[in-house]
Amino acid sequence: MSSTDNTTHQGFTAEELAAMKDHATALKKEASRGGSKAEKAAQAVQDVLEKIAAMQGADRVMAERVHAVVTATAPQLAPKLWYGMPAYALDGKIVCFFQCAEKFKARYATLGFSDQAQLDDGPMWAAGFALTEVTGEVEARIADLVKRAVG
């Protein structure tokens, strides 16, 4: 079968490859950790806090606020790194995550929800939200989404 399309597939971007490498590193790190379940969970939280602290400018400020809202709203969600970004899991499965703009050279950060989130609303609903600033109103919306996501 021939094609007249002259475009070529470029594969993954450098940012996507870096995210996959971060994910593999995190999985290896997690697997090699000793200690109790509580100690592993505490180290995962520390990993998330360190990743947030390493972010620049607005990404860091937004990630700090998202982390505070998610952990206060749904303490049953376990913070962990997912593809090098802060994420929050229930029973080991990611429910929501923060993706900074800088890492992916995007014009805005993203608050995303996986298919584990209970946000279903008819035949179509949002699973990702652009963030340019986290105001009090945005924090309230995030809290509401997180509450709905964990049922």
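Scope of the values below: all heavy atoms of this structure, side chains included, with no hydrogens, waters or symmetry mates. All values reported here derive from a predicted model rather than from experimental measurement. For this chain, numbers begin at 1 and follow the sequence in order.
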Out of curiosity, [X] [atom1] to [Y] [atom2], how far, rounded to the nearest 0.5 Å?
X	Y	atom1	atom2	result
F98	K51	CZ	NZ	12.5 Å
Y108	T132	OH	OG1	10.5 Å
S114	K93	OG	NZ	9.5 Å
E39	Q43	CD	CD	10.0 Å
I52	M62	CD1	CE	12.0 Å
L131	Q99	CG	CD	11.0 Å

Check against side chain to side chain contact (heavy atoms under 4.5 Å, CB included), I94 and K80: CA-CA 9 Å; I94 300 300; K80 65 187 288 181; 3.8 Å; yes
Quick one, [X] and [Y] - any side-chain contact, counting heavy atoms below 4.5 Å?
X	Y	result
V134	E139	yes
Y88	V95	no
Q116	L90	no
M85	C100	yes

Holding to side-chain contact (heavy atoms from CB on, under 4.5 Å), I want the full list of residues that pass it with L119, two or more places apart in sequence or in another chain. F113, A117, W125, L145, R148, A149
Are W82 and V45 connected in a single hydrophobic cluster, I mean Ile/Leu/Val/Met/Phe/Trp/Tyr linked by side-chain heavy atoms less than 4.5 Å apart? no
Out of curiosity, does L111 fall in the hydrophobic cluster containing V150 (side-chain heavy atoms, cut-off under 4.5 Å, transitive links)? yes
Distance-only donor-acceptor check, side chains E50 and Q46, under 3.5 Å: yes
Evaluate whether atom CZ of R60 has more than 12 neighbouring non-hydrogen atoms of other residues, nucleotides or ligands under 6.0 angstrom away. yes
Taking everything shown except D120 itself, do over 12 heavy atoms lie less than 6.0 Å from its CG? yes
Of all the heavy-atom pairs spanning M55 and A63, show the shortest one and how long it is. SD-CB, 3.6 Å
Can you name the closest pair of heavy atoms from P79 and A44 and give their distance? O-CB, 3.5 Å
Which of these passes side-chain contact (heavy atoms from CB on, under 4.5 Å) with V146: L77, T71, V66? L77
